[in-house]
Amino acid sequence: MQTTIDLATGSLAGEVTTSERRIADLAGFFADEAARAALPQDTIVYRVQMHDKEAEGTPGGLLFGTSFVYPGKVGDEYFMTKGHFHAKRDTAEYYFCISGRGALILMDEEGNCWAEKMERGTLHYIPRSVAHRLANTGEEVLAVGCCWGADCGHDYASIARTGFAKRLREVDGEPKLG
Ligand code: MN
């Protein structure tokens, strides 16, 4: 079966698996836990479609996916992905923005944290040993294409434990990392 990507929306069709994260799945990730708990718990925050031609962990393999982060905020903090380091730190990744507006939030192992603005067509290289998370700062779905090594692994636990050093919030109507 031919797998396709809709270049306008990032939507994958064919040999694809999908997963999603709802507000209920993200306890503890946002600064304002009371605001998170007060939102409808079945609200989808993000969805990931994957073209997984290789099993996770296959040395030398590649995986491709599109992440869709929905518009919304928890308090003043934009909807975002959990974020992760790669379990195998010595592995990089490419992201590119297909539609919507947002930010790629990055943090190295020393806790230095910065962000790259995303809009249709921006290309983002995530260096080795740098944690990464997407946030939607716009009013449409943020769709981001991703290509990573099948054996890089995902270390979500470090982020669940310590978070990112900075958060992306709306301040006076504008995204601000602080
Ligand atoms: Mn990654």
Side-chain angles (χ1 to χ4, degrees), residues 3 5 7 9-12 15-22 25-30 44-70 77-138 141-168 175 177:
T3 298
I5 178 166
L7 294 175
T9 65
S11 206
L12 301 177
E15 280 181 58
V16 173
T17 57
T18 302
S19 62
E20 60 189 30
R21 293 285 177 271
R22 294 172 186 262
D25 303 319
L26 297 172
F29 279 89
F30 293 92
I44 297 178
V45 178
Y46 61 99
R47 199 160 60 80
V48 179
Q49 283 190 309
M50 268 179 62
H51 179 49
D52 34 12
K53 289 292 284 183
E54 304 272 16
E56 291 250 13
T58 305
L62 288 173
L63 295 170
F64 185 90
T66 306
S67 294
F68 304 90
V69 186
Y70 286 75
E77 191 173 6
Y78 297 101
F79 276 11
M80 62 183 180
T81 61
K82 286 186 174 184
H84 58 263
F85 282 102
H86 291 161
K88 205 173 176 180
R89 290 290 193 274
D90 199 21
T91 53
E93 184 168 1
Y94 269 114
Y95 277 15
F96 58 98
C97 185
I98 298 164
S99 70
R101 304 182 79 82
L104 172 61
I105 304 168
L106 300 157
M107 181 176 71
D108 66 19
E109 291 194 283
E110 285 72 52
N112 299 302
C113 198
W114 67 102
E116 294 178 7
K117 204 169 169 178
M118 306 186 103
E119 58 188 14
R120 183 174 168 76
T122 58
L123 182 66
H124 306 268
Y125 181 69
I126 299 161
R128 294 170 289 175
S129 304
V130 172
H132 35 292
R133 154 182 285 173
L134 294 167
N136 185 338
T137 60
V141 174
L142 172 70
V144 176
C146 314
C147 187
W148 67 100
D151 60 344
C152 73
H154 292 85
D155 171 12
Y156 292 102
S158 297
I159 300 304
R161 201 163 50 242
T162 64
F164 277 62
K166 293 182 180 177
R167 292 180 177 278
L168 193 66
L177 189 72

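We're numbering straight along the sequence, starting at 1. One-based numbering, in listed order, for ligands and for the atoms of each.
Of the residues F96, Y95, Y94, the one that meets the ring pair (Phe, Tyr, Trp, His ring centres under 6.0 Å) test with Y125 is Y94.
Between the Mn ion (ligand 1) and the N, O or S atoms of E93, the shortest distance is to OE1.
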- Assess whether salt bridge (Lys or Arg N to Asp or Glu O under 4.0 Å) is satisfied between D155 and K88, documenting all intermediate values. CA-CA 8 Å; D155 171 12; K88 205 173 176 180; over 6 Å; no
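One of the N, O or S atoms belonging to H132 lies under 2.8 Å away from the Mn ion (ligand 1). The distance from the Mn ion (ligand 1) to the nearest N/O/S atom of H86 is under 2.8 Å. Among the atoms of C152, no N, O or S atom is found under 2.8 Å from the Mn ion (ligand 1).
No cation-pi contact links R167 to F164, judged by a cut-off of 6.0 Å to the six-membered ring centre and 45° from its axis.
Aromatic ring centroids of F64 and H51 lie 6.0 Å or more apart.
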